[in-house]
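Each remark here refers to the structure printed beneath this line.
So that the names make sense, note that chain A is the first sequence line, chain B the second, and so on, each numbered from 1. In what follows, every heavy atom counts, from backbone to side chain, and hydrogens, waters and symmetry copies are set aside. The structure presented is a predicted model; accordingly, all values stated were derived computationally and were not measured.
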2 protein chains.
Amino acid sequence: MDDGAAQPHKAKIRRENRTRILVAAEQAFAEHGFAGATMTNIAKRASLPKANLHYYFGTKDELYRAVLDSILEEWISKLNLWRIDADPGTVIKNYIRDKLEFSRRRPQASKVFASEIIHGAPILASFISADLRHLVEQKAAVVHEWVRLGLIKPVDGPHFIFTLWALTQHYADFEVQIRLILGRDALTDDDWESIAGYVEVFVLRAVGLAS
Amino acid sequence: MDDGAAQPHKAKIRRENRTRILVAAEQAFAEHGFAGATMTNIAKRASLPKANLHYYFGTKDELYRAVLDSILEEWISKLNLWRIDADPGTVIKNYIRDKLEFSRRRPQASKVFASEIIHGAPILASFISADLRHLVEQKAAVVHEWVRLGLIKPVDGPHFIFTLWALTQHYADFEVQIRLILGRDALTDDDWESIAGYVEVFVLRAVGLAS
DNA sequence: GTCTATACATAGATAGAC
DNA sequence: GTCTATCTATGTATAGAC
């Protein structure tokens, strides 16, 4: 009966509710994992009755997929600046900053993604073996071209990319461990600045772009 | 009535059953997370009636703690060789090989640990903020001493340790993603050899011990 | 579109025969 | 010590009044 697109007000409510649910779900999945998060808990966080979650997303499974989608959207775009004619040092530096910024701004998103992969990527397997694989192959070729041109020291393309993912995502996914070891209640601006500086220098040295 | 210690045969059965359950549980927790793993499923994997799991470990929670304990035992021992009078290059190389070997031999263990931390370390928080924090502080001091002696390039101690954890554990925790991107059904001996070589050179270059 | 009440399945846990 | 049968709680999902 209702056509959201034709009724601006309802469309707005619809959009806002969907977003509220997605945010609450991302938080819950990050904290408790897919199985540990409950629709009841997500509903409470979103301040909506549980039945509404089912109205908007059907099943828990579909809600989870929607959360993953919203994460991938931002995730995959970040490798786009890797081009053969770009300066490797600048590209690498920007990528590290960008990924660390994501780890800081959306730590829950990173955790949901990590949890999905750790537990066998039941939902994302096809995305990884198609889109992501293709993207990594492209960007690995760029890395190898940089190597061939003598712009950076020899590194394996795919593994270099894995390295950057590991180093940057670690600070979101294992943030609790890092905080507890450093004795912090929360990572401060200064902490994140040292992290970025540390990772940047570490990686640039490894490819011969810093001493 | 039964005293396991006094009755060798029963003690043996007891030990074997406990181990069978722990192995099955580690696998299940790795695959599905704490909440997603079920006692029924673990019992099936261990080929024992579900009631026996409760007989041996009481609750699911205690079983989970027992699994984590068995992992930590092996985890924490590996930093012991970091001493000021040891050769940094050798120490770092051995540590990388050792941790990667663990990632390869007990990928499930690494995943259970990762999942625990990602979801807020509800069980391990106190261990991390006491024992592990202390250990990292000690070993960070060793790193800084190496730096002071001019044996390696300047690096922050704790972050250097985090780096090694991130790089080595990534290959266990994100193994599915790596396999799918590399187009492998399983990582081969050769794959692991290249990984070890890659990580080793990457890290040694970063601290000035390889070119 | 919203929300209360409820159906149905499955989880963790235990009682009690063996 | 082992295992079947069962209890109770909680989870996902939906029916149906508003």
Which of A:Asp189, A:Ile195, A:Leu187 passes side-chain contact (heavy atoms from CB on, under 4.5 Å) with A:Arg104? It is A:Asp189
Separation of [X] atom [atom1] from [N] atom [atom2], in whole Å?
{"X": "B:Ile42", "N": "C:dA11", "atom1": "CD1", "atom2": "P", "value": "11 Å"}
{"X": "B:Phe34", "N": "C:dA11", "atom1": "CZ", "atom2": "C1'", "value": "12 Å"}
{"X": "A:Lys10", "N": "C:dT2", "atom1": "NZ", "atom2": "C1'", "value": "11 Å"}
{"X": "A:Met39", "N": "C:dT10", "atom1": "CE", "atom2": "C1'", "value": "17 Å"}

Answer yes when B:Lys111 and B:Glu26 have at least one side-chain N-carboxylate O distance shorter than 4.0 Å, and no when they do not.
no
Any salt bridge linking A:Arg97 with A:Glu193? Criterion: basic side-chain nitrogen under 4.0 Å from a carboxylate oxygen.
yes
Nearest to the B:Leu48 side chain among D:dC3, C:dG1, D:dT2, which nucleotide is it?
D:dC3
Counting heavy atoms from C-beta on, name the nucleotide in D:dT2, C:dG1, D:dG1 closest to the side chain of B:Arg14.
D:dG1
Within a strict 4.5 Å, meaning less than it, do heavy atoms of the A:Ile117 and B:Asp173 side chains meet?
no
Identify the heavy atoms of B:Val207 and B:Ile92 that sit nearest to each other, and give their distance.
CG2-CD1, 4.4 Å
Between B:Ser115 and A:His119, do the side chains contain an N or O donor and an N or O acceptor separated by less than 3.5 Å?
yes
Short side-chain donor-acceptor distance under 3.5 Å, B:Asn80 and B:Ser77:
no
Using a heavy-atom distance cut-off of less than 4.0 Å, which residues of residues 49-62 of chain B contact DNA chain C?
B:Lys50, B:Ala51, B:His54, B:Thr59, B:Lys60
Could you identify which residues of residues 18-27 of chain B place a heavy atom less than 4.0 Å from some atom of DNA chain C, listed by residue number, or say none?
none
Between A:Arg133 (side chain) and A:Ile128 (backbone), is there a donor-acceptor pair under 3.5 Å?
no
Select base, sugar-phosphate, or nothing to describe what B:Ala35 touches, counting heavy atoms under 4.0 Å on all strands.
nothing
For a quick check of understanding: with a heavy-atom distance under 4.0 Å over all strands, which category does A:Ala37 fall into, base, sugar-phosphate or nothing?
sugar-phosphate
Expected list for residues 160-168 of chain B: side-chain donor-acceptor pairs under 3.5 angstrom, two or more places apart:
unit_1: B:Thr163; atom_1: OG1; unit_2: A:Tyr198; atom_2: OH; d: 2.7
unit_1: B:Thr163; atom_1: OG1; unit_2: B:His159; atom_2: O; d: 2.7
unit_1: B:Trp165; atom_1: NE1; unit_2: B:Tyr95; atom_2: OH; d: 2.9
unit_1: B:Thr168; atom_1: OG1; unit_2: B:Leu164; atom_2: O; d: 2.7
unit_1: B:Thr168; atom_1: OG1; unit_2: B:Trp165; atom_2: O; d: 3.4

N/O contacts under 3.5 Å, protein versus nucleotides 16-18 of chain C?
none

Please determine if a side-chain N or O atom of A:Asn17 lies less than 4.0 Å away from the OP1 or OP2 oxygen of C:dT2.
yes
Could you work out, with ring pair (Phe, Tyr, Trp, His ring centres under 6.0 Å) as the rule, every residue matching B:Tyr64, not counting sequence neighbours?
B:Phe29, B:Phe34
Test: side-chain hydrogen bond (donor to acceptor under 3.5 Å, both in side chains). Region: residues 39-49 of chain A. Which pairs qualify, not counting sequence neighbours?
A:Glu31-A:Arg45, A:Asn41-A:Arg45
